[in-house]
Amino acid sequence: MKKEQVPQDSCKSYSGHKKLIYAVDEQGHYQGVKSSGWEVEGFATEMAVQAMDNELEKMKAAFIAGEVSPIAYYMPLFRFDLMSLAHATGFFQWQIKRHLTVKVFATLSDKKRTKYCDAFNLTLAELQNPVINS
Amino acid sequence: MTPIENTVTHQQSSHCESGVVANMLNSQGLALSEPMVFGLSSALTFVYLPMVKVGGLPLIAYRMPPKSIISSVCKKLGVKLSSQKFSNAEQGMKALDEALAQGKLVGLQTSVFWLPYFPEDMRFQFNAHNLTVYGKNAEGDYLISDPVFEHVVTCRPEDLKKARFAKGMLAAKGLMYVMDVPTEPVNLAPQIRSSIKKTAKMMSGLILPFFGIKGIRHLAKKINKLDKKSPQEAGMFLANIVRMQEEIGTGGAGFRFMFASFLDEASTLLDDKALFEISQYATEIGDLWREFAMKAVLYCKKRKNISLQDVVDSLELCADQEVILREKLLQWSK
């Protein structure tokens, strides 16, 4: 890539930041060039962010409707999935799936809830009663 | 509290790990560019692990696993690397403060998600982000040289603590490291040759079809079968590859440009024209990877003039050209 070709597409996900890209000058020698983003990369990033946001919206609605436990809401909020949350809490994925239900969550001990508090960086009170901002 | 500010040369980098190493060594007078650090550590590779899922999508990487750049460069250059992990977060923060008070620059492994200075859309659960702490201001906030940012940043102690001790995959467990450069000058020439040889050897892949050129072809086959999936699923699969290649800690084209930059610098250093030609070849390969990313995204956008076969062909072309690059590198480093 030539340095004039380094994209400057002002990607939304960069939030005004710039990244360093290596590109060549006329002689084919490299130098670092700052880039405000590439539209292609931005599309892929936004697709991933959109998927996570959709999941969050879905879980938010389900939580408000009383269909799922607070963990189901917090999991996408903190950008976790079942596997990463399992690694972060030490629970098995099947255990977490159960904890996502209102019924099982209600029976969880404080000790188990604290593991989620640590992963989400929340207090017990915050874990049990999420403040949902729209 | 009394502020501490140790001398740091903050240079923005493409990738966190190579950037931290370059910045920490440069700050101590051992001048090395980021691409040189990347090349010397033979960090360039390709990995496609369909059975390891991250966010429900397969793991794809264009470089060696975290920490390999740090350890390999320090070993090659005779830099003394002292690293520590902690079971207790308070102790980990205390050790950081002590090292800063001794005038050290301290490298840390952290979780991207818990660093508030990252823009929202760049924050995700990834626990192997590297940065350098170079001091503490009067308010008690840490002074940080984060190599992927243009300028130095600050971070509150409680946030940094959370970022260092976040649990999960690749958990840092508070990992901190200090580097001490050797007193004798380092001769890079033999190191350059051996690291290029290692990169070339790794490119062919191991017995398993997940690494190097074999891995690329395996991924191409997988893409070929995407038309059996829903457009949504196929789109997510392709976008994930593009993200791993362009967004996640890279200078673009899955580190191919950074590697070419290393070859370019090495050719100047060794006054070797042949190596410069290989660098130009590697640049063309980087361009091919960018073309692949573009086609993949165009397919996601359902542009009629791009078929799945075009995307596959584009990736196969990258593999074909990397076969030739490998031969050139092997020939050169013989």
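In what follows, chains carry the letters A, B, and so on, assigned in the order in which the sequence lines appear, proteins first and then strands, with residues in each chain numbered from 1.
Atom OH in A:Tyr30 sits 12.5 Å away from atom OG1 in B:Thr268 (nearest 0.5 Å). With rounding to the nearest 0.5 angstrom, the CD atom of B:Gln12 is 9.5 Å from the NZ atom of A:Lys18. Expressed to the nearest 0.5 Å, how far CZ of B:Arg243 lies from CD of A:Glu46 amounts to 11.5 Å.
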Q: Test side-chain contact (heavy atoms from CB on, under 4.5 Å) on A:Lys19 and B:Glu247 and set out the steps.
A: CA-CA 10 Å; A:Lys19 278 189 192 173; B:Glu247 185 203 346; 3.8 Å; yes
Q. Going through the distances and angles, do B:Glu34 and A:Tyr22 end up as a side-chain contact (heavy atoms from CB on, under 4.5 Å)?
A. CA-CA 10 Å; B:Glu34 185 198 12; A:Tyr22 292 97; 2.5 Å; yes
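If you measure heavy-atom distances from B:Arg123 to chain A, the contacts under 4.5 Å come from the backbone alone. Using a 4.5 Å cut-off between heavy atoms, A:Ala51 touches chain B through its side chain atoms alone. Proximity to chain A (any heavy atom under 4.5 Å) is shown, for B:Ala293, by both the backbone and the side chain. The contact between A:Met1 and chain B is made by backbone and side chain atoms together, counting heavy-atom distances below 4.5 Å. Contacts between A:Gln27 and chain B at a heavy-atom distance below 4.5 Å involve the backbone alone (N, CA, C, O). Using a 4.5 Å cut-off between heavy atoms, A:Gln5 makes no contact with chain B at all. When heavy atoms are compared at a cutoff of 4.5 Å, B:Phe149 approaches chain A solely by way of its side chain, counted from C-beta outward.
Other residues, nucleotides and ligands contribute more than 12 heavy atoms inside 6.0 Å of the NZ atom of B:Lys53. The environment of B:Asn88 atom CG is dense: over 12 non-hydrogen atoms of other residues, nucleotides or ligands sit within 6.0 angstrom. For A:Arg98, the CZ atom sits in a loose shell: 12 or fewer heavy atoms of surrounding residues, nucleotides or ligands are nearer than 6.0 Å. The 12-atom threshold is exceeded at NZ of B:Lys301, counting heavy atoms of other residues, nucleotides or ligands nearer than 6.0 Å. No more than 12 heavy atoms of other residues, nucleotides or ligands sit less than 6.0 Å from atom CZ of A:Phe92.
Scanning all heavy atoms of the two residues, the minimum distance from A:Thr45 to B:Asp121 falls at CG2-O, 4.3 Å. Between B:Phe124 and A:Arg79 the shortest heavy-atom distance is CA-CB, 4.5 Å. The shortest non-hydrogen separation linking A:Met47 to B:Gly235 is CE-C, 3.3 Å. Of all the heavy atoms in B:Met169 and A:His87, the pair that sits closest is N-CB, 3.6 Å. Taking every heavy atom of both residues into account, A:Ser15 and B:Pro119 meet most closely at OG-CB, 3.2 Å.
With chain A as partner, the option from B:Lys167, B:Gln245, B:Met294, B:Lys162 having the largest number of non-hydrogen pairs under 4.5 angstrom is B:Lys162. Contact tally against chain A (heavy-atom pairs below 4.5 Å) for B:Ser33, B:Gly19, B:Ser13, B:Ala171: the top residue is B:Ser13. Highest contact tally toward chain A, considering only B:Val297, B:Asn127, B:Leu298, is held by B:Val297 [criterion: heavy-atom pairs under 4.5 Å]. Taking A:Ile21, A:Thr89, A:Val6, A:Leu82 one by one and counting their heavy-atom pairs under 4.5 Å with chain B, the maximum is reached by A:Ile21. Note on B:Asp264, B:Thr283, B:Leu57: by heavy-atom pairs under 4.5 Å with chain A, the leading option is B:Asp264.
Side-chain N or O atoms of B:Gln125 include one that pairs as donor or acceptor with a backbone N or O of A:Phe78 at under 3.5 Å. Side-chain N or O atoms of B:Glu246 include none that pairs as donor or acceptor with a backbone N or O of A:Trp38 at under 3.5 Å.
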Enumerate, atom names and distances included, each donor-acceptor pair closer than 3.5 Å involving a side-chain atom of residues 274-282 of chain B, sequence neighbours excluded.
{"unit_1": "B:Ser279", "atom_1": "OG", "unit_2": "B:Ala260", "atom_2": "O", "d": "3.2"}
{"unit_1": "B:Tyr281", "atom_1": "OH", "unit_2": "B:Gln321", "atom_2": "OE1", "d": "2.4"}

